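Take a look at the structure below.
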Amino acid sequence: MTQNKEFNISSFTLHVLAMGLMLCDHAWAVLFPAEEWLTCIGRIAYPIFAFMIVEGYTHTHDLRRYMLRILLWACLSEIPFNIMYGGSIFYPYHQNVLWTFLESLLLIALIEKCRTHFKKVLAAVLCAGIVFLGFILGYATMVDYYGIGVLTVLTFYFFRGQTWKNRVIQFICLYILNVKLLGGYYYTFQIFGYEIEFFQQAFAMISLLPIWLYQGRQGFHNKIFQWACYAFYPIHIIILIFLQYFMFK
């Protein structure tokens with residue numbers, strides 16, 4: 001049975017969507033702090049990027065080159081990110097999101113080796129230890145989204161595939177990670193006399209809708225677009241910093 005491509009989101013669409021949502025979130029942080037709707041929809045971006053990192057790992061022909069590309073752009077993005085986030089060229093207390101992805105890929109590669117070289121039970125124990133290590137490492141290295149960011153990537157790695165069981169587990173994991181663990185700022189609503197709390201980070205759950213509509217179709221893709229996706233991260237931050245300078249000097 002052929003799938004209806006009208007509702008089939010491509011990798012290209014996911015990348016563009018995630019970049020646009022990330023831009024909204026950073027525009028809120030740098031230029032429009034009063035426009036909270038920008039950061040609300042911006043919460044959707046990270047899980048999509050985390051999902052695409054796992055897809056990239058799955059489809060890459062050369063993991064070493066894939067990781068070196070991320071390392072390169074993580075280094076190039078560090079100063080712009082430091083200026084945006086900490087207001088100075090050197091800001092060691094928070095690292096950009098590409099370091100989160102790089103750590104996650106290293107952990108996935110380590111998990112793959114355990115699964116290959118050890119028996120099932122021992123491999124499961126070692127993998128659980130690696131997941132815990134990744135959670136601690138995310139906080140110790142102060143990468144973006146900390147240990148929660150690493151666990152989000154690992155969620156899409158362990159429960160990859162469009163089965164209903166994987167979707168249920170993805171939903172539960174993202175709920176725990178974003179609502180129960182990250183939590184943070186929330187909005188209150190009155191419904192039928194009851195006060196309802198809705199956490200801002202819960203908007204990240206919406207990311208599952210486009211992710212579930214993705215069926216492995218690549219869509220438009222070439223080397224220029226590939227490098228543009230990497231370059232977008234530091235370049236859009238630099239542009240926002242300049243706009244902030246000229247708008248508020």
Side-chain angles (χ1 to χ4, degrees), residues 18-19 21-30 33 38-40 42-54 56-57 66-111 128-158 173-174 176-186 199-204 207 230-238 240-241 244:
M19 288 189 292
L21 292 168
M22 179 175 62
L23 175 61
C24 290
D25 189 42
H26 290 166
W28 164 81
V30 178
L38 287 171
T39 190
C40 288
R43 303 297 90 203
I44 304 170
Y46 181 79
I48 298 177
F49 280 122
F51 172 79
M52 295 310 297
I53 281 292
V54 175
Y57 171 84
Y66 183 43
M67 294 176 69
L68 283 174
R69 282 198 301 270
I70 295 177
L71 174 62
L72 170 65
W73 288 102
C75 293
L76 292 175
S77 302
E78 191 60 23
I79 290 178
F81 181 84
N82 288 345
I83 295 172
M84 178 183 74
Y85 199 92
S88 63
I89 291 176
F90 180 69
Y91 188 76
Y93 308 108
H94 200 104
Q95 317 308 319
N96 73 71
V97 75
L98 294 177
W99 295 110
T100 313
F101 295 146
L102 189 61
E103 283 187 9
S104 301
L105 285 171
L106 287 168
L107 292 168
I108 290 173
L110 189 57
I111 289 169
I130 293 169
V131 170
F132 180 73
L133 172 66
F135 180 71
I136 299 301
L137 189 64
Y139 280 96
T141 56
M142 293 179 284
V143 295
D144 205 16
Y145 283 92
Y146 301 99
I148 303 300
V150 174
L151 292 188
T152 302
V153 177
L154 293 179
T155 293
F156 289 116
Y157 164 72
F158 282 113
C173 288
L174 260 65
I176 293 171
L177 293 173
N178 289 281
V179 178
K180 295 299 183 180
L181 296 182
L182 277 181
Y185 186 76
Y186 62 88
F199 286 92
Q200 187 183 81
Q201 192 60 37
F203 281 97
S207 65
Y230 288 110
F232 176 82
Y233 187 58
I235 289 175
H236 91 275
I237 293 175
I238 292 170
L240 288 174
I241 291 170
Q244 182 189 49

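Values in this document were obtained by computation on a predicted structure and should not be read as measured data. Side-chain atoms are counted along with the backbone in the values below, which use heavy atoms only and exclude waters and symmetry mates.
- Taken to the nearest 0.5 Å, the CG atom of Leu177 stands 4.5 Å off from the OG1 atom of Thr152.
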Could you walk me through whether Gln95 and Thr141 pass the side-chain contact (heavy atoms from CB on, under 4.5 Å) check?
CA-CA 8 Å; Gln95 317 308 319; Thr141 56; 5.6 Å; no
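- No side-chain donor-acceptor contact under 3.5 Å links His26 to the backbone of Leu23.
- Distance CD1/Ile44 to CG/Leu21: 5.5 Å, rounded to 0.5 Å.
- One finds the SG atom of Cys75 at 4.0 Å from the CH2 atom of Trp99 (value rounded to the nearest 0.5 Å).
- Of all heavy-atom pairs between Asp25 and Thr39, the closest is OD1-OG1, 2.7 Å.
- For Phe81 against Ile237, the heavy-atom pair with the smallest separation is N-CG2, 4.2 Å.
- Screening Gln200, Arg43, Gln201 for a side-chain contact (heavy atoms from CB on, under 4.5 Å) involving Asn178 leaves a single residue, Gln201.
- Looking at heavy atoms from C-beta onward, Ile111 lies in side-chain contact with Leu154 at the 4.5 angstrom threshold.
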Leu98 vs Phe49, test: side-chain contact (heavy atoms from CB on, under 4.5 Å). Steps then yes/no.
CA-CA 10 Å; Leu98 294 177; Phe49 280 122; over 6 Å; no
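- With sequence neighbours excluded, the residues satisfying side chain to side chain contact (heavy atoms under 4.5 Å, CB included) with Phe135 are Tyr139, Ile148, Leu151.
- Between Tyr57 and Leu105 the shortest side-chain heavy-atom distance falls below 4.5 Å.
- Put simply, the side chain of Tyr46 gets close to the backbone of Gly149: a donor and an acceptor are under 3.5 Å apart.
- The ring pair (Phe, Tyr, Trp, His ring centres under 6.0 Å) search around Phe90 returns none, not counting sequence neighbours.
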Test Met67 against Leu102 for side-chain contact (heavy atoms from CB on, under 4.5 Å), laying out the working first.
CA-CA 7 Å; Met67 294 176 69; Leu102 189 61; 4.0 Å; yes
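- In this structure, the separation between CG on Leu76 and OH on Tyr230 is 12.5 Å, given to the nearest 0.5 Å.
- Tyr66 is listed as a side-chain neighbour of Ile53, based on a closest heavy-atom distance under 4.5 Å.
- Classification of the His94-Tyr85 ring pair by plane angle, with boundaries at 30° and 60°, yields parallel.
- Interatomic distance, OG1 of Thr100 versus OH of Tyr145, reported as 9.5 Å (0.5 Å rounding).
- By the 4.5 Å heavy-atom criterion applied to side chains, Met84 and Val30 are counted as neighbours.
- Looking only at side-chain heavy atoms (C-beta outward), Met22 and His236 come within less than 4.5 Å of each other.
- Counting all heavy atoms, side chain and backbone alike, Leu38 lies closest to Cys24 at CB-O, 3.5 Å.
- Residues Val97 and Tyr233 have side chains in contact (heavy-atom distance under 4.5 Å, counting atoms from C-beta outward).
- Side-chain N or O atoms of Asn82 include one that pairs as donor or acceptor with a backbone N or O of Ile89 at under 3.5 Å.
- Counting all heavy atoms, side chain and backbone alike, Thr155 lies closest to Cys173 at CG2-CB, 3.6 Å.
- Note that the CG atom of Asp144 and the CZ atom of Phe101 stand 8.5 Å from one another [nearest 0.5 Å].
- The two residues Ser207 and Pro47 come nearest to each other via the heavy atoms OG-CB, 3.1 Å.
- The two atoms that bring Ile241 and Pro80 nearest to each other are CD1-O, 3.5 Å, heavy atoms only.
- Counting heavy atoms from C-beta on, the side chains of Leu137 and Val150 never come closer than 4.5 Å.
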